[in-house]
2 protein chains.
Amino acid sequence: MAGMKEKIKKVAIHHFYKRGYFATGINDIARSAGIQKSSIYYHYANKEDILFDILETTMEKLDANFEKYIRGKVSPEEQLKAAIEGHILFHVRWQKETLISDSELRGLTARNYKTILEMRDAYETKFQEIIRKGIEEGAFEDMDYKVASYGIITMCTSVANWFRKSGRLKKEDIADIFNRILLKGLKPAG
Amino acid sequence: MAGMKEKIKKVAIHHFYKRGYFATGINDIARSAGIQKSSIYYHYANKEDILFDILETTMEKLDANFEKYIRGKVSPEEQLKAAIEGHILFHVRWQKETLISDSELRGLTARNYKTILEMRDAYETKFQEIIRKGIEEGAFEDMDYKVASYGIITMCTSVANWFRKSGRLKKEDIADIFNRILLKGLKPAG
DNA sequence: GTCTATAGATGGATAGAC
DNA sequence: GTCTATCCATCTATAGAC
């Protein structure tokens, strides 16, 4: 069937999100895709390969999303605000995928693990550079820019954990609240 | 052997932290504890029971830690600062346990899951109440206190993910940086 | 490209001796 | 309180027919 690989990926995302990678069996994925488990192996070399596919494409999309939001922004303040907004909206839009990216890295063997980690590090470095430059220019308070970036990124990543489309607030509201706290928090006092 | 239950718990924490709950076998735990896997079942009813024991005692200690730090603090600002400091230092002190608490809840069946979730909700509510009161009194900017608390708690929880004892900064430095960003970020602008 | 059948390993858990 | 032995379910992955 054409598109079966995409279907397998889609149902795998659902299961990895709901129960976790190790708790999900090839059988669960096959059943949800409407095929026999052996047919999975025509499309993917093994179970880890499915996870890696999900993580790799998610990281690629996350990076493209960053570049889209940052385009045209010049000052560190503008850039950070755009980066935070983009990061939050992405984690709402791709809630399942980002949650898997955040919690299932241990399912990867050394080589694949390294690949994804390098992509994540490259992404975090972009955030860090914005903050580092902002501190350098005096737009942000002097502080350890790496620790600050860890905290900021994780805070924004967390929306994937608790955001509900049926909730009181829209995703744009969340982005506004977090941006208000974080930008004010980074600016030099009085 | 006296203390074997504690030993099992200790090596289980190590394995759950390193590889995750589902990826860890009863055999791994038994080997690390220096006994046969069947002997595990003299001390614990089943595998999940070990996980539940870890999560329950961690949540109890986290709550006691909160109360210890909050004691004597009156204003919302003082209280939030103390709560944040206590939360961060706890997550550094009990790094493995808190990381498991944060990522292995899915290993629990319904009843146990509910128990731990209620403990976590009660803890988060204490944070939320501080922020809600601070907004009410005008000490903090008017914003959705629940969303703010989710972000703040997750940001502080994140230290369990990346803090290294061998790193450049001491745990107290991290607490200072985060408190500076967050308290300034919550205070009304100008 | 999907199927049936099954290999081969490992998982959690129990029985009963000591 | 720990052991040996074992049951039985489940898991990933492969072989080979269609």
Side-chain angles (χ1 to χ4, degrees), chain A residues 1-56 100 103-113 115-116, chain B residues 1-56 100 103-113 115-116:
Chain A
M1 188 222 242
M4 179 53 82
K5 187 168 182 178
E6 277 305 309
K7 187 170 188 181
I8 291 169
K9 190 174 173 178
K10 187 183 167 185
V11 301
I13 288 169
H14 179 256
H15 280 290
F16 294 167
Y17 167 72
K18 278 283 183 189
R19 301 182 218 167
Y21 174 71
F22 284 108
T24 300
I26 286 286
N27 232 331
D28 301 321
I29 298 171
R31 215 182 341 256
S32 296
I35 54 175
Q36 294 300 311
K37 60 180 173 179
S38 60
S39 304
I40 300 276
Y41 293 91
Y42 175 81
H43 301 281
Y44 286 101
N46 49 46
K47 185 183 167 187
E48 182 189 342
D49 199 26
I50 305 175
L51 177 63
F52 181 72
D53 187 14
I54 295 167
L55 298 180
E56 191 181 34
I100 295 168
S103 57
E104 302 294 356
L105 273 187
R106 282 183 303 202
L108 299 175
T109 45
R111 188 188 163 78
N112 285 335
Y113 183 82
T115 301
I116 300 298
Chain B
M1 189 221 241
M4 178 53 83
K5 187 169 182 176
E6 276 306 308
K7 188 171 187 180
I8 291 169
K9 189 174 174 178
K10 188 184 167 185
V11 301
I13 288 169
H14 179 256
H15 280 291
F16 293 167
Y17 167 72
K18 279 281 182 191
R19 300 183 220 169
Y21 173 71
F22 284 107
T24 300
I26 285 287
N27 234 331
D28 301 320
I29 298 171
R31 215 183 340 258
S32 295
I35 54 176
Q36 295 300 311
K37 60 177 176 179
S38 62
S39 303
I40 300 276
Y41 294 91
Y42 174 79
H43 301 281
Y44 285 100
N46 49 45
K47 187 183 166 187
E48 182 189 342
D49 199 26
I50 305 175
L51 177 63
F52 181 71
D53 187 12
I54 295 167
L55 298 181
E56 192 181 34
I100 295 168
S103 57
E104 302 293 357
L105 273 188
R106 281 183 302 202
L108 299 175
T109 45
R111 189 188 163 79
N112 285 334
Y113 183 82
T115 300
I116 300 298

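Lettering of chains follows the sequences in order, A, B, ..., and the numbering in each one begins at 1. Please read these numbers as outputs of a predicted model, since none were measured by experiment.
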Asker: When the distance from CD of A/Glu48 to C1' of D/dA13 is rounded to whole Å, what number comes out?
Answerer: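 Going from A/Glu48 (CD) to D/dA13 (C1'), I get 14 Å.
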Asker: Would you say A/Ser39's side chain and A/Ile35's backbone share a donor-acceptor pair under 3.5 angstrom?
Answerer: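 It does not hold such a pair.
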Asker: Taking NZ, NE, NH1 and NH2 as the nitrogens, is one of them in A/Lys9 or A/Glu56 under 4.0 Å from a carboxylate oxygen of the other?
Answerer: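 So A/Lys9 does not pair with A/Glu56 through a salt bridge.
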Asker: Using a cut-off of strictly less than 4.0 Å between a heavy atom of the residue and any atom of DNA chain D, enumerate the qualifying residues of residues 3-19 of chain A by number.
Answerer: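 Per residue number, the list is empty: none.
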Asker: Regarding A/Glu104 and B/Arg106, does a basic nitrogen lie under 4.0 Å from an acidic carboxylate oxygen?
Answerer: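 Yes, charged N to carboxylate O under 4.0 Å.
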Asker: Check whether any side-chain heavy atom of A/Arg19 lies under 4.5 Å from a side-chain heavy atom of A/Asp28, and answer yes or no.
Answerer: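 A side-chain contact under 4.5 Å exists here.
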Asker: Mind calculating the distance between CG (B/Asn27) and C1' (D/dC3) to the nearest angstrom?
Answerer: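 In whole Å, D/dC3 C1' lies 14 Å from B/Asn27 CG.
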Asker: Which residues in residues 30-47 of chain A have at least one heavy atom lying under 4.0 Å from any atom of DNA chain D?
Answerer: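 When residues 30-47 of chain A is checked for heavy atoms under 4.0 Å from DNA chain D, the hits, listed by number, are A/Lys37, A/Ser38, A/Tyr41, A/Asn46, A/Lys47.
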Asker: Kindly compute the distance separating CD1 (B/Ile26) from OH (B/Tyr44), expressed to the nearest 0.5 Å.
Answerer: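 Nearest 0.5 Å value for the CD1-OH distance: 11.0 Å.
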Asker: State, without any angle test, whether A/Asn46 and A/Tyr41 hold a side-chain donor-acceptor pair at a distance under 3.5 Å.
Answerer: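 Side chains of A/Asn46 and A/Tyr41: no pair found under 3.5 Å.
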Asker: Is the backbone of B/Thr109 close enough, under 3.5 Å, to the side chain of B/Asn112 for a donor and an acceptor to pair up by distance?
Answerer: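 Not confirmed, B/Asn112 side chain does not pair with B/Thr109 backbone.
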Asker: Given atom CG of B/Asp49 and atom P of C/dG12, what is their separation to the nearest angstrom?
Answerer: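 Checked: the CG to P distance equals 14 Å.
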Asker: Rounded to whole Å, please give me the gap between CD1 in B/Ile29 and C1' in C/dT10.
Answerer: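 Distance check: B/Ile29 CD1 to C/dT10 C1' gives 15 Å.
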Asker: Does the Lys NZ or Arg CZ of A/Lys47 fall within the cation-pi geometry relative to A/Tyr21 - under 6.0 Å from the ring centre and within 45° of the axis?
Answerer: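 Relative to the ring axis of A/Tyr21, which defines the angle, A/Lys47 lies inside both limits.
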Asker: Separation of A/Asp28 atom CG from D/dC11 atom P, in whole Å?
Answerer: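 So the two atoms are 6 Å apart, to the nearest Å.
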Asker: Indicate whether any N or O donor in one side chain lies under 3.5 Å from an N or O acceptor in the other, for A/His15 and A/Ser32.
Answerer: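 Yes - a donor-acceptor pair under 3.5 Å links their side chains.
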Asker: The test is side-chain contact (heavy atoms from CB on, under 4.5 Å); show your working for A/Phe22 and B/Thr24 and say whether it passes.
Answerer: CA-CA 10 Å; A/Phe22 284 108; B/Thr24 300; over 6 Å; no
Asker: When Watson-Crick pairs (N1 to N3 and N6-O4 or O6-N4) and G-U wobble pairs (N1-O2 and O6-N3) count only below 3.5 Å on both distances, what is the dot-bracket string of DNA chain D, with | for other-strand pairs?
Answerer: ||||||||||||||||||
Asker: Measure from CD1 on A/Ile26 to C1' on D/dA9 and round the result to the nearest Å.
Answerer: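 To the nearest whole Å, that distance equals 18 Å.
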Asker: Does a sphere of radius 6.0 Å around NZ in B/Lys10 hold more than 12 heavy atoms from other residues, nucleotides or ligands, not counting ones at 6.0 Å or beyond?
Answerer: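 Incorrect, the count does not exceed 12.
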